[in-house]
Amino acid sequence: MSDFEGVLVTRADIARFAGVKRPAVTNWERRHADFPRPSEESADASSGVERFSAAEVLAWLGQRTIPANARQPGEPEGTTYGDRFRSALGGPRSGALIKAVDLLSGQQAERFRGALSHTDHLTVLLTLVYLRGCRPEEWQRIVAEASRYQFAHSGELLVRFLTSAVREGLGDVHAQLLPALSRNLGGARVADMVRLLDDTGPMDRAEHAEAFERLLTRYSDLLGKRAGDFFTPRAAVDVITKLITEGAHDVHSLHDPFVRAGELVSAVWETVAAAQQTPGRIEVSGAGVGEHPLALAGMNLALHGIPDAGLWPGDIAPSADNGPGHRGALTFDRVVTNPPFNVPFDRPVEGSNWRYGPPPRHNANFAWLQHAVTSLKPDGRAAVIMPDIAAFSANPSERRIRAAMVEDGAVEALIALPAQLFASTGISVTVWLLRHPTGSCDEILFVDASHFGSLTTRVRRELSKDELRRIHEEHRSWTEARDARRPFTGTDGLSRAVSIEKLRQMDYTLSPAFHVPRGKRSDTRPADRADLAALAGHLAAVHERTQEADAAVEELLGRYGL
């Protein structure tokens, strides 16, 4: 039974809810013999206005895909007028797709996955959700093929159909995701999975995007420590999205040089597109390591309304020639990224093309920061997630680069976030807000939100909406004060603007914890530069030993197949 059984709508209502002009409804009626007839219940209405069954109109509109040039911001390829109608009329989601995905990836996974590993099983599920949500014609062919089989074990042939459909939607590079699974399909019940997903009611694009994200989260949880190169936590995404999209009315290009599963750049795109109401004018691109993450990123972006994002293979550490996936001197209005932390280079780093000098061979953090800056157009801005150590590292090369970035006006603000946001590591992180270099610096904003957040599990922390709002308000207040050329007072224990003279005295230490006072303290002795350098060196050494221990444990577990 439909959610709208018994609900009546006028022609004007149909036009408004479907997002079209009133004459379009009259045109539909005249041209299509199967358009719903007016309800008999409204035939004798004193107003003389005919009304239609909302359920019948929804069913009819659900068969009509919105053309590309008529889609609204946030509407991905394949959206129907029925999707708009249901959403505008306030119809609840059926929730059936979410339930099916939870069933197939949770308690019933063993029944369906056969010889596939848990992660490969989730890869198949992610692909099926993408195809049902974004490629309706290919999905129907897959459903028809699945229905031909009398037995559930029909995985290999169906995967060929899935591969072909992915190639049609995302291109040859992404289609390599599935063939490698064929030899391990064994008793995987792919046909049953297709039929179960198909039997989840009307296609709701937003519900498909939610289902995809739930599967990505489960995928990340299964990877454990290895998820460090895969997924950005929601709290970090929410912090960056609002900060980087303020005043984004002239943004036409977004880029993520380490795109992971596309969760960060898609969130920024949605916010910018909603503000501009011109999503077709915003180019989205990204680079990633490995075919698997790139394919998942392509699917995720398509489900969020970005089917034609430019994605290319990258590297785990950028080089001086404009970074991974070198595409000439590409520059962008906004750059956002969550690169891998503290990774060593596998090639020489010396050269004259680094704007602020070559980073140390053992750590690519300042290669990523330089890459973000050099990828910006004039007036462009970037947000990069970094481990805390990057803000106060005593390594001579990193300190030199940090100082040069500050003096060149490339650093706008640093926001310290709490520990335990990431599934793969418990370390604290800092968001670096960067801009196209201005050539000089007067002050930098520091926000210390490291004490924010609450534990949602034993090892995971989340930020509340109020905490996110407070972070964003501090940045907005600072921006408004600068525009009005008045001093920024900051908030005790949360934010402070620090002058370039003070930063020079602090030897370009940029950790918010060093600059934001935490209430009254009995010891008011100013920090000594030598003490700070010694502390930074000690923390760097501890961090390096921790990484070595983690690597040794991972290697040991790998020997036992764990």
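These values consider heavy atoms only, across backbone and side chains, with no hydrogens, waters or symmetry-generated copies.
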Exercise for review: Determine, step by step, whether L421 and R234 satisfy the side-chain contact (heavy atoms from CB on, under 4.5 Å) criterion, reporting the C-alpha distance in whole Å, the side-chain angles of both residues, the deciding distance to 0.1 Å, and the verdict.
Suggested key: CA-CA 9 Å; L421 292 181; R234 190 71 231 177; over 6 Å; no

Practice item. Using a 4.5 Å cut-off on heavy atoms from C-beta on, say whether the side chain of I98 contacts that of R214. Key: yes

**Study point:** Side-chain donor/acceptor of R402 to backbone N/O of S393, under 3.5 Å
**Key:** yes

Review point. Are E474 and T491 close enough that some pair of their side-chain heavy atoms sits under 4.5 Å apart?
Key: yes

**Study point:** I316 side chain near F345 side chain, heavy-atom distance below 4.5 Å
**Key:** no

Review point. Without hydrogens or angle criteria, can the side chains of T456 and E462 be said to hold a donor-acceptor pair below 3.5 Å?
Key: no

Practice item. Indicate the atoms forming the closest heavy-atom contact of V336 with V265, along with that distance. Key: CG2-CA, 4.2 Å

Review point. Excluding sequence neighbours, so at least two apart, what forms salt bridge (charged side-chain N to carboxylate O under 4.0 Å, His left out) with R476?
Key: E246

Review point. Donor-acceptor pair, R381 side chain versus L243 backbone, under 3.5 Å?
Key: yes

Exercise for review: Please check if the side chain of R195 supplies one atom and the backbone of A146 the other of a donor-acceptor pair under 3.5 Å.
Suggested key: yes

Exercise for review: Just say parallel, tilted or perpendicular for the rings of H255 and F332, cut-offs at 30° and 60°.
Suggested key: parallel

Review point. Residues two or more places apart in sequence or in another chain: which of them pass salt bridge (charged side-chain N to carboxylate O under 4.0 Å, His left out) with R135?
Key: E77, E138

Review point. Is the shortest heavy-atom distance from the side chain of R470 to the side chain of F452 under 4.5 Å?
Key: yes

Review point. For D250, what residues pass the salt bridge (charged side-chain N to carboxylate O under 4.0 Å, His left out) criterion, not counting sequence neighbours?
Key: none

Review point. Is the backbone N or O of N342 less than 3.5 Å from a side-chain atom of N365, with the two atoms forming a donor-acceptor pair by type?
Key: yes

Review point. Between the side chains of H475 and E412, does any donor sit under 3.5 Å from an acceptor?
Key: yes

Check your understanding: Please walk me through it: do E263 and T232 pass side chain to side chain donor-acceptor pair (under 3.5 Å)?
Key -> CA-CA 7 Å; E263 66 283 349; T232 304; 2.9 Å; yes

Review point. Is the ring centre of H472 less than 6.0 Å from the ring centre of W478?
Key: no

Review point. Is any side-chain heavy atom of L369 closer than 4.5 Å to a side-chain heavy atom of W432?
Key: yes

Exercise for review: Using only heavy-atom distances, determine whether the side chains of R218 and S105 contain a donor-acceptor pair under 3.5 Å.
Suggested key: yes

Practice item. Would you check if there is a donor-acceptor pair between the side chains of D466 and S464 at a distance under 3.5 Å? Key: no

Point to revise | Student check: side-chain heavy atoms of P318 and F258 closer than 4.5 Å | key: no

Review point. Do T430 and L417 have side chains that get closer than 4.5 Å, going by heavy atoms?
Key: no

